[in-house]
Each structure stands twice: as structure tokens, then as C-alpha cells.
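Worksheet for the structure shown next.
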Amino acid sequence: MAEQLMHLSGLTYRYPGDREPVINGLDFAVDQGASIGLIAPNGSGKTTLFHLMMGLLKPQAGVITAFGREVSGEKGFKEVRRRVGLLFQDADDQLFSPTVLEDVAFGPMNLGMGRHEARAKARDVLSDLGLSGYEERITFRLSGGEKRMVALATVLAMDPDLLLLDEPTTGLDRDTFSRLVAVLQASKVARVVISHDFDFLEQVTDSLHSLVRGKIVMDGGLHLHRHAHVHRHGDNPHHHH
Ligand SMILES: Nc1ncnc2c1ncn2[C@@H]1O[C@H](COP(=O)(O)OP(=O)(O)OP(=O)(O)O)[C@@H](O)[C@H]1O
Ligand SMILES: [Mg+2]
């Protein structure tokens with residue numbers, strides 16, 4: 001059996017003031033080398049799940065195991081955040097330094113890398129993502145798609161053991177989209193990718209899961225039948241990308 005990177009068991013989370021839990025007795029395992037797509041309707045709890053996995057929200061029930069150890073307190077999740085890279089759904093939650101290079105170098109420096117080395121690392125990652133020349137740009141003035149890619153750079157610069165990508169293709173033009181696909185296909189890092197773009201998930205993940213009533217369900221059927229999602233939408237109109 002492959003080594004488990006993360007394991008969630010019986011996880012339950014209810015937002016304060018809500019009556020029903022969004023995540024409800026959820027079980028989920030991410031093995032070494034896993035590449036999992038997560039496709040589920042708006043509001044089904046995908047982002048909430050990622051935030052629970054990073055310890056940004058505290059579950060009311062359930063157990064989270066990461067890298068072989070049960071984690072609960074802030075100290076445990078600090079370690080999780082060093083090894084798991086979350087790309088936030090909203091890039092503005094990710095970026096906070098004045099310039100692109102500072103933003104991307106921040107993570108490696110925070111992991112103990114010297115300033116010079118961290119900046120070199122940041123340049124490398126920016127170059128891999130086709131963002132050479134962006135180093136001195138002012139982060140908050142970037143376009144939506146540019147921010148998305150810089151946010152990804154901040155995550156990749158930390159050399160995570162597991163990537164959690166929350167709708168990474170939002171706002172990307174076609175060329176940038178293709179570059180993202182190429183970068184992910186070339187990377188061996190384990191990943192869970194949230195997206196509403198079925199074709200994207202087919203290109204960058206090798207199994208599909210969904211979230212139904214607060215639980216993860218394996219969606220093998222989606223993988224076999226490209227347009228199975230049409231039927232899930234019932235009569236509601238929607239687009240195929
Ligand atoms: N801070 C919050 N307080 C209260 N309810 C929240 C909060 N954040 C999210 N929710 C609710 O929890 C549910 C799940 O939200 P979540 O963002 O996890 O969904 P999602 O699957 O990521 O959706 P999307 O595809 O639109 O990103 C939604 O009904 C949302 O309104
Ligand atoms: Mg979301």
C-alpha cells in the first residue's frame with residue numbers, strides 16, 4: 001500500500017450559525033503520488049475541506065492524520081502548512097508582499113532558506129511558470145490571471161509534498177491554461193485539484209472524486225463517461241468547455 005500523505009476520518013464541520021454541517025462525517029485519503037480531481041457543485045464544501053486540511057478551520061469532529069501523525073493543535077498544523085501547499089481560491093488571500101519576487105521568496109525564507117537562495121529559487125519558479133520579467137511588478141496591481149499564476153508560484157516555491165489547488169484555472173487565458181497543464185503534468189508532486197472544468201481535471205489528475213452531502217464519493221463513472229456530469233446537472237443549462 002502506498003504511504004498515506006493525509007487521511008481524514010469522520011470529519012465534520014459546521015459553520016457558526018449554520019444548522020447543517022457542510023462537511024459531514026467525511027472520509028478521505030491522499031496517498032503518496034496521488035493525483036485527485038475534486039468536482040462538485042458550488043457551495044458543496046470543497047474549499048471548506050481544503051481549509052480543514054490546512055488547519056485554517058477546526059472540525060467539530062473527526063481525525064486528521066498527516067504524514068503519519070495525527071494533527072489537531074496549531075503546532076501540528078504548522079508542520080502541515082510547511083509541507084502542504086494550498087493555492088487559495090482567491091489569489092488575494094495568498095499574496096501580500098509588495099513585489100512579485102518578494103512574495104514568491106517569502107515562503108522559502110520562512111522555511112529557513114537564506115535571502116539570496118530564496119530569491120534565486122523564486123526566480124526559477126517564476127521562470128518555470130512563464131513569469132520571468134514579473135519579478136519587480138507590484139503584486140496588487142497584477143491582473144486576475146497574473147495573480148493566479150503568481151499565487152501558484154508562491155506555493156510551488158515551497159517545494160510542497162502535497163499540492164491542494166482550489167480552482168487553479170480561474171481567469172487564465174488559453175496559453176496560460178496550457179502552461180499550467182504542462183507544469184502540472186511535468187510535476188510528480190501529489191495533488192488534489194478542485195475544478196469545475198472536467199477536461200482540465202482529465203489532463204492533470206488520474207482519479208475523480210465528488211462531494212455529496214458532506215462526504216467524498218469516488219466518481220469513477222465520471223472518468224469513464226466524459227459527459228456524465230451533464231446528467232448530474234439535471235435540466236439546468238450549463239456549458240461544456
Ligand atoms: N465563513 C463562512 N461562514 C458561513 N458559511 C460559510 C462560510 N464559508 C462558506 N460557507 C458556506 O459553506 C458552504 C460551502 O462553501 P465552500 O466555499 O466550501 O463551497 P465550495 O464547494 O468551495 O463552492 P464553490 O464551487 O462556489 O467554490 C456554502 O454554503 C457557503 O455559503
Ligand atoms: Mg470553493
Side-chain angles (χ1 to χ4, degrees), residues 6 8-30 35-62 64 66 74 77 80-81 84-96 144-145 147-152 154-155 160 162-172 177 180 184 191-205 207-219 221-222 227-234 236-241:
M6 281 193 89
L8 319 178
S9 167
L11 208 65
T12 295
Y13 184 77
R14 188 178 50 77
Y15 282 103
D18 280 5
R19 282 202 321 164
E20 300 294 329
V22 180
I23 301 296
N24 198 359
L26 173 145
D27 300 318
F28 186 38
V30 184
S35 182
I36 297 169
L38 190 55
I39 189 162
N42 295 135
S44 57
K46 305 178 299 296
T47 296
T48 304
L49 173 64
F50 275 7
H51 289 185
L52 286 163
M53 290 170 81
M54 298 298 280
L56 303 174
L57 295 171
K58 306 280 166 242
Q60 281 93 20
I64 297 179
E74 188 52 28
F77 276 109
V80 171
R81 286 180 217 128
V84 180
L86 168 65
L87 180 75
F88 282 89
Q89 183 164 2
D90 183 348
D92 287 325
D93 290 338
Q94 198 116 39
L95 304 171
F96 51 85
K147 276 186 190 168
R148 200 84 200 109
M149 292 301 274
V150 171
L152 181 63
T154 67
V155 172
L162 171 61
L163 279 170
L164 302 180
L165 306 180
D166 198 342
E167 302 196 23
T169 65
T170 309
L172 302 188
F177 177 97
L180 172 65
L184 290 177
R191 65 184 81 124
V192 184
V193 184
I194 295 171
S195 176
H196 298 292
D197 183 341
F198 186 79
D199 291 328
F200 171 65
L201 290 180
E202 266 214 327
Q203 292 182 72
V204 302
T205 63
S207 74
L208 282 179
H209 292 55
S210 193
L211 245 182
V212 177
R213 285 183 292 276
K215 287 190 177 64
I216 292 278
V217 296
M218 276 287 274
D219 237 331
L222 275 179
H227 289 141
H229 68 287
V230 174
H231 315 303
R232 284 165 192 278
H233 286 265
N236 299 320
H238 67 282
H239 296 286
H240 286 176
H241 302 283

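In this chain, residues are counted from 1 in sequence order. Just so you know, these numbers come straight off a predicted model, no measurement behind them. First listed ligand is number 1; within each ligand, the first listed atom is number 1.
Counting heavy atoms from C-beta on, the side chains of L87 and L163 never come closer than 4.5 Å. Taking 4.5 Å as the limit, some side-chain heavy atom of K58 sits within range of a side-chain heavy atom of E74. A heavy-atom distance below 4.5 Å is not found between the side chains of V84 and P160. The shortest distance between side-chain heavy atoms of I64 and M53 does not fall below 4.5 Å. No side-chain heavy atom of H209 sits under 4.5 Å from any side-chain heavy atom of V192.
The backbone N or O of G25 lies less than 3.5 Å from a partner atom in the side chain of T12, making a donor-acceptor pair.
For atom 25 (O) of ligand 1, the closest non-hydrogen atom of the protein is K46 NZ, 2.7 Å. The nearest heavy-atom contact from the protein to atom 12 (O) of ligand 1 is Y15 CE1, 3.3 Å. Protein heavy atom in closest approach to atom 27 (O) of ligand 1: Q89 NE2, 2.9 Å.
At a 3.5 angstrom cut-off on N or O pairs, G43 counts as close to ligand 1. Inclusion of G45 in the set of residues having an N or O under 3.5 Å from an N or O of ligand 1 is warranted.
Look at H196 and you'll find a heavy atom under 4.0 Å from some atom of ligand 1. At least one heavy atom of P41 sits under 4.0 Å from some atom of ligand 1. For the pair S44 and ligand 1, a heavy-atom separation below 4.0 Å is found.
Annotation: Y13 is in aromatic contact with Y15 [ring centroid separation under 6.0 Å].
Considering every non-hydrogen atom in both S9 and D27, the closest pair reads CA-OD1, 3.3 Å.
At a cut-off of 2.8 Å, Q89 coordinates the Mg ion (ligand 2) through an N, O or S atom. Distance check for N42 against the Mg ion (ligand 2): none of its N/O/S atoms falls below 2.8 Å.
Of the protein's heavy atoms, none falls inside 4.0 Å of atom 30 (C) of ligand 1.
If you check each of L57, N42, D90 against atom 24 (P) of ligand 1, the one with the closest non-hydrogen atom is N42.
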